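The structure presented is a predicted model; accordingly, all values stated were derived computationally and were not measured.
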There are 4 protein chains.
Amino acid sequence: MAETRTPDSRRRSERSRRAIYEAALALVTEVGYTRTTIEGIAARAGVGKQTIYRWWPSKAAVLLEAFLDLAAQTSEGGTELPDTGDLAADLRLVLRATVDELNDPAHEGPSRALAAAGVVDAEVGAQFVEKLMEPQIEAYIRRLRSAEAVGQMRAGTNARIAVELFIGPLTHRWLLRTLPLTHEYADTLVEYALHGLAPRA
Amino acid sequence: MAETRTPDSRRRSERSRRAIYEAALALVTEVGYTRTTIEGIAARAGVGKQTIYRWWPSKAAVLLEAFLDLAAQTSEGGTELPDTGDLAADLRLVLRATVDELNDPAHEGPSRALAAAGVVDAEVGAQFVEKLMEPQIEAYIRRLRSAEAVGQMRAGTNARIAVELFIGPLTHRWLLRTLPLTHEYADTLVEYALHGLAPRA
Amino acid sequence: MAETRTPDSRRRSERSRRAIYEAALALVTEVGYTRTTIEGIAARAGVGKQTIYRWWPSKAAVLLEAFLDLAAQTSEGGTELPDTGDLAADLRLVLRATVDELNDPAHEGPSRALAAAGVVDAEVGAQFVEKLMEPQIEAYIRRLRSAEAVGQMRAGTNARIAVELFIGPLTHRWLLRTLPLTHEYADTLVEYALHGLAPRA
Amino acid sequence: MAETRTPDSRRRSERSRRAIYEAALALVTEVGYTRTTIEGIAARAGVGKQTIYRWWPSKAAVLLEAFLDLAAQTSEGGTELPDTGDLAADLRLVLRATVDELNDPAHEGPSRALAAAGVVDAEVGAQFVEKLMEPQIEAYIRRLRSAEAVGQMRAGTNARIAVELFIGPLTHRWLLRTLPLTHEYADTLVEYALHGLAPRA
DNA sequence: CCGTAACCGAGACGGTACGTCTGGTCTTTGA
DNA sequence: TCAAAGACCAGACGTACCGTCTCGGTTACGG
């Protein structure tokens, strides 16, 4: 399955790589993940199949890299949350942006495909988390620590779990398509997470 | 894909159905979702392929039904949350139970397989939500309304979103395997969700 | 390589078999043996590749059977040499006919292909000899024995070797394309073989 | 297919050529003609693929040259038949030697491979005949003419056809593996060819 | 006798075909 | 008279080679 004899990456064709990224993303968007085949990607990219098998171990790996490449282009390194001093406002802004991104049909196909692949295949999942989720989560953590420092968050809060209070419900709703993702939803989420469901004492 | 001529369900072989359920679940657990094939299920169940195609439209559908059957056996209709009057305690109990269930290796294979299939295939996803998630969510909603009635929750809370505050983070962590699911995690989640991340006024 | 689980020949599709024979012969004639591929045969016959791999172990085997089928149609069992009482005349007649057949461009492609395959692959060669050469050789042997009985051949002659004296040179010339095969050549061969190269005592 | 820009043969690496010959012959002997690949030859010879493609147009061409080289080493130019004055004895000697050579397993693989390639590919066949068969045939012709001069052969005999009377059956038996090649067979062949199958008048 | 043109080993490339596996459909056959 | 068995068409899988190409490195011509 995987290549045993490792190829010489210096001689790799940049042209082919880019063509493969584009073909992979296009196909996943057009026909879905399962009907996207390596053969199809190769044909569309004008590339020999072996060129794919030489550099990637699986369809999921191709797609992950293609997606990372796309993400890198889109958000030019900007993995930092705004910090206006008003935690609630900042979170609303970010979550609304996330909602918009998740609703963007261009990203939907590849994102769902990767998420699903990661759910089933631990290897892919680990890559997915490390490359895509982790940077985002850490940006949240930094913002929450900053809030904690200025007394907008309870001291001693487990930042990771705190982050999940925002991201978890959003992801849940998106993955399972239970109800639509709206800006209002994002706002409510921020409200509930910050001030709790219990009545104020 | 779907059968045109609908078969006569009265003449259906109960024996075959049970054998298919068992074969499907066993295979998913043993070799994973993607390597589980309809052919393999048929062979293991000692059943003709057509017997599967006659009654189910896809591999995911077979598995969904098999899983529902399993779930029905396990939790004999008990889709009600405890109500001791102490919301926090009740939630901790339930979430801890969910954590245990998600950590149970016997359920992991089929569950992940179904979740992944649902993420990618809207049809399967809808079924998954309707048959598996919705009853659970509604049980939560009933419990939260009861809490609201006795003043343990802020009035006017959107119950669906409130539920997601508990379920979302849990699911997120399980699906993406970011960090282990523990009882302490469940407790912290209840704490944060009920009382919020912001300092009490 | 070969099928392990032997298929049920009663359920075999006659339609597919015929289509495969025709496609194979057509392709060999049109593009030659090496450029004839199993995929090509399947495509041309409108048949799945597996249907070929299910019933034949190799490209050569397909072609051999196709060729035998063709030969069976052409020469309806008539594997008997003429016996007018004049051995020399009868042999001239038969060898001239063989010359014509070998010169027939329609048979050339498949024949050469099979011969070559048989030269290299002992299995195919054995089949080739058994099914195509042997009946012909035995007809020769019967004719030579008949000639021996009436004193037109030396008594005690090794009939097999005698046959090769006629067939060998012809095949040699055809296979290696050293010089053209003509009726005169056939006649000379009969002359030399019957009466020898040495001067009559 | 063929090189357009003709390479400078003065700068050719003798080392590589020899290594390629050896690798080619070894592979053909070990795994057979069809499973011998240019990549395999290159790898075994420790040579770049291009070095083969630069100097030879095809796998068959490589093998032909390798075989010629081998033949040149073995029979140091000795393409002359013995002439003791006794034609029958001389022919028996030569045909027995040929039988031994054909039965030599070391030569079998490459010989069959080349013969088969020549049967199917006219270009290779022509080379095969010109380089390997023709010198041998002409040696036979010279010996037969000498015999004719001393009255051991009928005058006016077509020498080419006469030669085929000896070589043809031998080749036939070897190529088609009908029956084993023995010294007795060679002797009988000489007997029959010289004195004919018909009874002496 | 030095620069450079061509060979060399190596191997990535776009392709084709391999032989296998599975998906769905259709047909046969035995209980 | 079904349902198992499994043959069928279709096509993707991952591998092996094809013949071309490009890359450095190393000879050995020829100015």
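Residues T37(B) and K59(B) have side chains not in contact (no heavy-atom distance under 4.5 Å, counting atoms from C-beta outward). Taking the side chain as every heavy atom from C-beta outward, V28(D) and F67(D) never approach each other to under 4.5 Å. Between R44(D) and E39(D) there is no side-chain heavy-atom pair separated by less than 4.5 Å. Looking at heavy atoms from C-beta onward, W55(A) lies out of side-chain contact with E65(A) at the 4.5 angstrom threshold.
Between the CZ atom of R35(C) and the C1' atom of dC18(E) there is a distance of 18 Å, rounded to whole Å. Summarising the geometry, the separation between CD1 on I52(B) and C1' on dT22(E) is reported as 13 Å, rounded to the nearest angstrom. Taking atom CZ of R15(D) as the reference point, atom C1' of dA28(F) lies 17 Å away to the nearest angstrom. Computed from coordinates, the Y53(B) OH to dA4(F) P distance equals 15 Å when rounded to whole Å. Rounded to a whole Å, the CD1 atom of I20(C) is 12 Å from the C1' atom of dA7(F). R54(A) places its CZ atom 13 Å from the P atom of dG15(E), with the value rounded to the nearest Å. Protein atom CH2 of W55(A) is 12 Å distant from nucleotide atom P of dG14(E), rounded to whole Å.
Here the shortest heavy-atom pairing between L25(C) and T29(C) reads O-OG1, 2.9 Å. Between A24(B) and V62(B), the shortest heavy-atom contact is CB-CG1, 4.1 Å. What you find for A117(A) and A60(A) is that their closest heavy atoms are CB-CB, 4.1 Å.
Between T36(C) and S13(A), the one whose closest nucleotide on DNA chain E sits nearer the 5' end is S13(A). Looking at which nucleotide of DNA chain F each of K59(D) and E14(C) is closest to, the 5′-most match is held by E14(C).
Residue Q50(D) places a side-chain atom within donor-acceptor reach of the base of dC21(F), judged by atom type and a 3.5 Å distance cut-off alone. Judged by distance alone with a 3.5 Å cut-off, a donor-acceptor contact links the side chain of K49(D) to the base of dG19(F).
Few gaps surround CZ on R12(A); more than 12 heavy atoms of other groups in view lie less than 6.0 Å from it.
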Could you list, one pair per line, each protein nitrogen or oxygen that sits under 3.5 Å from a nitrogen or oxygen of nucleotides 28-31 of chain E, together with the distance?
| unit_1 | atom_1 | unit_2 | atom_2 | d |
| --- | --- | --- | --- | --- |
| dG30(E) | OP1 | R10(C) | NH1 | 2.9 |

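Contact annotation: S16(B) reaches the phosphate of dA4(F) (side-chain N/O to OP1 or OP2, under 4.0 Å). Put simply, T51(D) has a side-chain N or O that comes within less than 4.0 Å of OP1 or OP2 on dG9(E).
Heavy-atom distances under 4.0 Å link DNA chain F to G46(C), V47(C), G48(C) of residues 37-48 of chain C, given in residue order.
A salt bridge (Lys or Arg N to Asp or Glu O under 4.0 Å) check over residues 110-123 of chain D, counting only residues at least two apart or in different chains, returns the pairs E108(D)-R112(D).
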